[in-house]
Amino acid sequence: MFNIYDEVKGLKSIAITGHERPDGDCIGSCLALYLYLKKRMPEADVKVFLQKPSSAFNSIPAVDDIDSSFKSDIIFDAFIVLDSVPDRTGTMDIYSKAGKTINIDHHKSNAEGSSMVNYVVAGASSTAELIYDIIDKEFIDKDIATLIYMGIAHDTGVFRYSSTTPKTLKTVASLVEYGFDFSDLLDNTFFEKTYKQNRFQSRIVLDSKLYFDGKVIVGLADKELMEEFGATKEDFEGCVELLRITREAKVAVLIYYKNEETSKISFRSTSDDYDVSLISQHFGGGGHVRAAGCDVKASVLDAEKLAIDELAKIMK
Ligand SMILES: [Mn+2]
C-alpha cells in the first residue's frame, strides 16, 4: 500500500501544490496533506502553493497558510502535485528543481501520473479520498478530517456522483467521527451562492439553449454579459451544476469569456454513455467521464460551435 510518509521520510523541505483555479477537492487535499505532514514531520519545512481560493473557503482550516506568490528561493527536497498534472499548477519553475517529485491524482486523463513517483487511482471519487488512504490514521485530527471530508464532498457533488463507492462513504463516516460541523461546512463551501451569483447564473439558465433533441443544454456568458453583472470567475461556481440538473438534458455545457483570445468550457454528463472527457481532451483539456473542462482559443460563440461539432460525435 502506498504511504506518503515512506516517500518523504527524513526530507527537510516539502512543497505541495494543485491545479490552477483550485476547487474544493484540490484545496482540501492540499491543506489536509499539509497539516498531516507538519504534524507527522515537525522538523520539516512544508509549504502549500495554490492560487488564492474563492471567498467560499475563507473559514476552512489552514487556508491562511496558502502561499499564492508562487515564488520560492528554496530548492525543495520533495514536491507533491495533487489532483493535477504538474503543467497545470503554475509552479513548474519550483517543481522542476525539486529533488523528488510525486504526483497523486484521480483523473483518467493523468492515468500514468507525471512525476518521478506516481500514485494515481483513475476513477477514485476524489484526490481527498486518496489522501485519506495514504496517511497514517492516528495523525488525523478534526482539521485534517474537515479538509478531507470537504474534498470528497465537493468532487462527488455531495456524495451523489457515480464515483461515490461504499468505500468512499465508509471513509466519510470515519471522518464525521471527529465531530466537525459538516452541515455548516457544506453550506459555506458548496451550496451557498451570493445574491450576485444567483442572479447572474439564473440569467445564464434563462438564456440557455438545447441541442440534440434537448439532450444537451448550453449556457453562455460572453464578455457583454459578464460586464453587465461585473462577473468574475467566482461567479460561475455551481453554475454548470445548475445546468446539469435540467431533467431533459444528458450533457450540460457552460462556456464563458476568459480573455480576448480564450473561452473556458465546462462539461457535465449524467451518464457514462456520454464521456465528456473525450471532448475536453480533444481541445487539450482534462477531466473525467462525467465532469471535464478545457480552454479554447475562440470567442464564446465560436467555442459553442466547436463544442457542438465535437458533441455530435458522442450524442447518438
Ligand atoms: Mn479532484
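In each ligand, atom 1 is the first atom listed, and ligand 1 is the first ligand listed. Everything numeric in this text was worked out from a predicted model, so none of it was measured. Residue numbers start at 1 and run along the sequence shown.
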message: Within a 6.0 Å radius of atom CD on E224, are there more than 12 heavy atoms belonging to other residues, nucleotides or ligands?
response: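 It does not: E224 CD has 12 such atoms or fewer within range.
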I'd like to know if L31 and F49 are part of one continuous hydrophobic network [Ile/Leu/Val/Met/Phe/Trp/Tyr, side-chain heavy atoms within less than 4.5 Å].
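Result: no, two separate clusters.
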Report task. Tell me whether the guanidinium CZ or amine NZ of K47 lies under 6.0 angstrom from the six-membered ring centre of F79 and within 45° of its axis. Result ->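 Pair K47/F79 does not count as cation-pi.
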- Without swapping roles, check the side chain of D25 against the backbone of T127 for a donor-acceptor pair under 3.5 Å.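 Between the backbone of T127 and the side chain of D25 there is a qualifying donor-acceptor contact (under 3.5 Å).
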Protein N/O/S atoms closer than 2.8 Å to the Mn ion (ligand 1):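 Near the Mn ion (ligand 1), the protein supplies D25 OD2, D83 OD1, H106 NE2, D155 OD2.
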task: Would you please classify the geometry between the H19 ring and the H107 ring as parallel, tilted or perpendicular, with 30° and 60° separating the classes?
output: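 Geometry flag for H19 against H107: perpendicular rings.
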> At what distance, to the nearest 0.5 angstrom, does NZ of K100 lie from CD1 of I14?
Replying inline: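 These two atoms lie 10.0 Å from each other.
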